[in-house]
There are 2 protein chains.
Amino acid sequence: MILKLRYKLWIEKDGEKVFGDGPLDILHRVERTGSLRQAAEEINMSYSQAWNLIKDLEKRLGFNLLKRKVGGERGGGSQLTEQAREMMMKFEIFHEEADQSLNSLYKKIFK
Amino acid sequence: MILKLRYKLWIEKDGEKVFGDGPLDILHRVERTGSLRQAAEEINMSYSQAWNLIKDLEKRLGFNLLKRKVGGERGGGSQLTEQAREMMMKFEIFHEEADQSLNSLYKKIFK
DNA sequence: TTGCGTTATATAAATAAAAGTATAATAGTA
DNA sequence: TACTATTATACTTTTATTTATATAACGCAA
């Protein structure tokens with residue numbers, strides 16, 4: 001019987017999500033493309049949904065994740081803030097180490 | 001800014017959930033009360049939902065979690081199978097150790 | 001034989017989440 | 001000035017999930 005460990009990790013503030021895999025992925029794509037719209041498109045998420053997601057996170061966190069530019073050449077765009085980069089980096093390291101830790105624990109107990 | 005780590009752990013087989021916190025809790029209550037209906041009632045879950053949940057898990061796992069008795073004194077009831085006990089025990093140990101591991105990791109990286 | 005509390009099961013209703021649509025505002029540039 | 005691709009925002013529609021309702025079968029006990 002091949003069972004597999006699954007898990008989800010995220011960060012909350014006052015009982016509300018403020019960071020997780022979804023935001024991490026979107027922010028990486030914003031970093032690369034320079035546009036929230038393109039980032040959303042890449043993962044087949046509607047722009048409005050992506051926009052609401054980021055807006056909610058920012059509101060809860062109390063700081064901006066994106067530096068926006070509306071209009072202008074190429075219509076504008078978005079870039080990461082320093083605080084966004086810091087959060088991403090910490091979450092990535094945590095996620096990576098957690099993955100190793102959980103999987104070795106799982107093997108120890110279930111195999 | 002007080003951020004809090006949150007996580008969810010569960011076991012899958014062929015991409016479908018076969019065990020997690022919910023089932024663990026219900027099975028504990030069945031063990032104590034001798035009845036799936038009472039177990040469901042305790043956590044304000046409809047009996048049909050609890051029944052479907054357990055039935056689906058059993059189907060996916062390929063073995064029974066409950067020994068059922070229909071009719072008879074007190075209408076019948078349900079008891080845990082040995083395999084259910086084993087799964088519960090392993091998952092509990094895993095969960096407990098994972099909790100410690102994740103939280104110390106979280107402190108190390110986020111604090 | 002009737003009542004009881006359970007398991008077993010299907011179906012409907014309600015709620016929540018996700019996805020989609022529409023439109024305004026913006027500021028460089030051709 | 002007209003065009004462009006973006007951010008910003010409000011709604012509507014659709015889908016998925018959860019919850020509720022209803023009913024049958026069962027077997028012991030009074």
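Quick note on labels: first sequence line is chain A, next is B, and so on, each numbered from 1.
- In terms of heavy atoms, B:Thr33 sits closest to B:Ala39 at OG1-N, 4.0 Å.
- Rounded to a whole Å, the OH atom of A:Tyr47 is 7 Å from the C1' atom of D:dT6.
- A salt bridge links A:Arg85 to A:Glu82: at least one charged side-chain nitrogen sits closer than 4.0 Å to a carboxylate oxygen.
- Nearest approach of B:Trp10 to A:Lys8, heavy atoms of both residues: CZ3-N, 4.0 Å.
- More than 12 non-hydrogen atoms from other residues, nucleotides or ligands lie less than 6.0 angstrom from CD of A:Glu42.
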- Going through the distances and angles, do A:Glu41 and A:Arg37 end up as a salt bridge (charged side-chain N to carboxylate O under 4.0 Å, His left out)? CA-CA 6 Å; A:Glu41 205 163 279; A:Arg37 177 173 297 279; 5.8 Å; no

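- Projected onto DNA chain C by closest heavy-atom contact, A:Asn44 and A:Gly72 fall at different nucleotides, the more 5' of which corresponds to A:Asn44.
- Remark: A:Trp51 is not in phosphate contact with D:dT7, judged by side-chain N or O atoms under 4.0 Å from OP1 or OP2.
- Toward the 5' end of DNA chain D, the nearer of the two residues B:Arg37 and A:Val70, judged by each one's closest nucleotide, is A:Val70.
- Put simply, CG on B:Asn52 is 15 Å from P on D:dA20, counting in whole angstrom units.
- More than 12 non-hydrogen atoms from other residues, nucleotides or ligands lie less than 6.0 angstrom from NZ of B:Lys67.
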- Quick one: do A:Arg60 and A:Glu16 satisfy salt bridge (charged side-chain N to carboxylate O under 4.0 Å, His left out)? Show the steps, please. CA-CA 8 Å; A:Arg60 291 168 189 165; A:Glu16 292 185 305; 3.5 Å; yes

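- As rounded to whole Å, 12 Å separates atom P of D:dA5 from atom CD of A:Glu41.
- Judged by distance alone, the side chain of B:Glu58 and the main-chain N or O of B:Leu65 form a donor-acceptor pair under 3.5 Å.
- The interatomic distance linking A:Leu53 (CG) with D:dA8 (P) rounds to 14 Å, in whole Å.
- Around CZ of B:Arg68, the count of heavy atoms belonging to other residues, nucleotides or ligands within 6.0 Å exceeds 12.
- Of the two residues near DNA chain D, A:Ser48 and A:Gly75, the one whose nearest nucleotide lies more 5' is A:Gly75.
- Contact annotation: B:Gln49 side-chain N/O to D:dA20 OP1/OP2 distance is not under 4.0 Å.
- As judged by a 4.0 angstrom heavy-atom cut-off over every strand, A:Gly76 is placed among residues touching the sugar-phosphate backbone only.
- Surrounding CZ of B:Arg32 are more than 12 heavy atoms belonging to other residues, nucleotides or ligands, all under 6.0 Å away.
- Contact footprint of chain B on DNA chain C: nucleotides with an atom under 4.0 Å from a non-hydrogen protein atom, first to last in 5' to 3' order, C:dG5 to C:dA10.
- Contacts between residues 16-36 of chain A and DNA chain D, defined by a heavy-atom separation below 4.0 Å, involve A:Ser35, A:Leu36, listed by number.
- Between A:Lys13 and A:Leu61, the shortest heavy-atom contact is NZ-O, 3.5 Å.
- Rounded to 10°, the angle separating the first-five-pair axis and the last-five-pair axis of the helix from C:dT1-D:dA30 to C:dA30-D:dT1 equals 20°.
- Comparing A:Ser46 and A:Lys69 by the nucleotide of DNA chain C whose heavy atom lies nearest to each, the residue mapping closer to the 5' end is A:Ser46.
- Atom CD of A:Gln38 is separated from atom P of D:dA5 by 11 Å (rounded to the nearest Å).
- B:His95 and B:Phe91 have perpendicular rings, their planes meeting at more than 60° on a 0 to 90° scale where under 30° would count as parallel.
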